[in-house]
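The model shown is predicted, which means the values in this text are computed figures rather than measured ones. No hydrogens, no waters, no symmetry mates; every other heavy atom, side chains included, goes into these values. Per chain, numbering begins at 1; letters A, B, ... match sequence-line order.
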There are 2 protein chains.
Amino acid sequence: MNIENTKAQMRKGILEYCILSILQNNDAYAAEILETLKNAKLIVVEGTIYPLLTRLKNAGLLQYRWEESTGGPPRKYYAITTAGKAFISELSTTWKDLQYAVESITKPKNTAS
Amino acid sequence: MNIENTKAQMRKGILEYCILSILQNNDAYAAEILETLKNAKLIVVEGTIYPLLTRLKNAGLLQYRWEESTGGPPRKYYAITTAGKAFISELSTTWKDLQYAVESITKPKNTAS
DNA sequence: AACAGTACCTTGTATAGCATAGTATATTGT
DNA sequence: ACAATATACTATGCTATACAAGGTACTGTT
């Protein structure tokens, strides 16, 4: 029950939303997505993101194309699909509902103002 | 990859925070906590909350006392400990950081304003 | 004594993310 | 041409949380 573990648990479930959102702005390959998440202080590692991208692709929310790189192996550039865009709006609602629920619970109540 | 599953995933990790927050206001027993969560639209079931309460108790964040009921078996009233209060403030920070991170990622960027 | 209602507890399952190791491609140096 | 290095993608096993489902125990009513 340490704080780091709890942080990791809170992160779970929002990564899909974050990744889809990142791709809504620009197509990107795994390393770029990873970099964006890190810049936003969402620590994620390779072993997490690759399976997640595959899952989103298999669900039809993402698609990818191969692109040559100036150095090193070709890159898988992911792009969001129509279904993915629709899913984002659902996730956005879910996230807002969750934020509201947590706020209403954690806000201390005036038991006898 | 349906929305209900994703909702459940997002809920993960915030339940500890919510339960500790509820107990910060008043001592309560499991059924009361469950009711409060439901009122906030956080769907949780018995099988989730009992192990969680035990975990929080074993971590020293909660303590409990037995109290007689007017009808039915005695109730375990949980109360937050000093360590629990300290943990809440950490969770509060974590939650705010997470909200900020998600906001910065999901907010669409002006790629060429 | 049997039943219903309340409250608490336990076991098994699914899923997400992590750690780690492995595979494949392209460039660089000899 | 071959080996070494860097980049990018993939696969396997582990852990923790939440859920589903079933079980135990106590109290009051008929």
With the side chain defined as heavy atoms from C-beta on, B:Glu16 is closest, among C:dG5, C:dT25, D:dT17, to D:dT17
query: Under a 4.5 Å side-chain heavy-atom rule over Ile, Leu, Val, Met, Phe, Trp and Tyr, are A:Tyr78 and A:Tyr29 clustered together?
result: no
Closest of C:dC9, C:dG17, D:dA18 to the B:Leu15 side chain is D:dA18
The nucleotide from D:dT7, C:dC8, C:dA16 with an atom nearest the side chain of B:Gln9 is C:dA16
Comparing nearest nucleotides in DNA chain D, the 5'-proximal residue of the pair A:Gly47, B:Thr48 is A:Gly47
- Query: Contact class for A:Leu53 (heavy atom, under 4.0 Å): base, sugar-phosphate, or nothing?
  - Reply: nothing
Residue pair A:Glu68/A:Leu52 against DNA chain C: nearer the 5' end by closest nucleotide is A:Leu52
*Output yes when at least one side-chain N/O atom of B:Asn5 is less than 4.0 Å from OP1 or OP2 of D:dA18, else no.*
no
*Please check the phosphate of C:dA7 (OP1 and OP2 only) for any side-chain N or O of B:Tyr29 closer than 4.0 Å.*
yes
Closest to the 5' end of DNA chain D, once B:Gly72 and A:Ser69 are matched to their nearest nucleotides, is A:Ser69
Rounded to whole Å, the CG-P distance (B:Leu98 to C:dG17) equals 12 Å
B:Glu46 atom CD is separated from C:dT11 atom P, nearest whole Å, by 16 Å
B:Arg75 CZ to C:dG5 P, in whole Å, measures 17 Å
- Task: Mind checking A:Ile49 for me? I need base, sugar-phosphate or nothing, with any heavy atom below 4.0 Å counting as a touch.
- Result: nothing
Give B:Lys12 one of three labels, base, sugar-phosphate or nothing, depending on what nucleic acid heavy atoms sit under 4.0 Å from its own.
-> base
Rounded to whole Å, the CD-C1' distance (A:Glu4 to D:dA16) equals 15 Å
B:Leu34 CG to D:dA18 C1', in whole Å, measures 13 Å
B:Asn58 atom CG is separated from D:dA16 atom P, nearest whole Å, by 14 Å
Heavy-atom donor-acceptor pair, B:Thr54 side chain to B:Tyr50 backbone, under 3.5 Å
yes
To the nearest angstrom, the CD-P distance between A:Glu32 and D:dC9 comes to 10 Å
- [ ] Please confirm whether the backbone N or O of B:Ile88 pairs with a side-chain atom of B:Ser92, one donor and one acceptor, at under 3.5 Å?
- [x] no
Practice problem: Just call it for B:Ala8: base, sugar-phosphate, or nothing, with non-hydrogen atoms closer than 4.0 Å on any strand. | Solution: nothing
> So, is B:Tyr50 near the phosphate of C:dC8, with a side-chain N or O under 4.0 Å from OP1 or OP2?
Replying inline: yes
Closest to the side chain of A:Lys76, out of D:dC9, C:dT15, D:dC19, is D:dC9
It should be established whether A:Arg55 places a side-chain nitrogen or oxygen under 4.0 Å from OP1 or OP2 of nucleotide C:dG17. yes
Atom OH of A:Tyr77 and atom C1' of D:dA8 are separated, to the nearest Å, by 11 Å
Side-chain atoms of B:Trp66 come closest, of C:dT10, D:dT7, C:dC8, to C:dC8
Minimal heavy-atom distance between B:Ala28 and B:Ile33, with the atoms involved, is CB-CG1, 3.9 Å
Next on the checklist: Between B:Thr81 (side chain only) and B:Gly60 (backbone N and O only), is there a donor and an acceptor less than 3.5 Å apart?
Outcome noted: yes
* **Sugar-phosphate only, base, or nothing, as touched by A:Pro74 at under 4.0 Å among non-hydrogen atoms** => sugar-phosphate
For residues A:Tyr77 and A:Ile80: do they belong to one hydrophobic cluster (side chain heavy atoms under 4.5 Å, members Ile, Leu, Val, Met, Phe, Trp, Tyr)? no
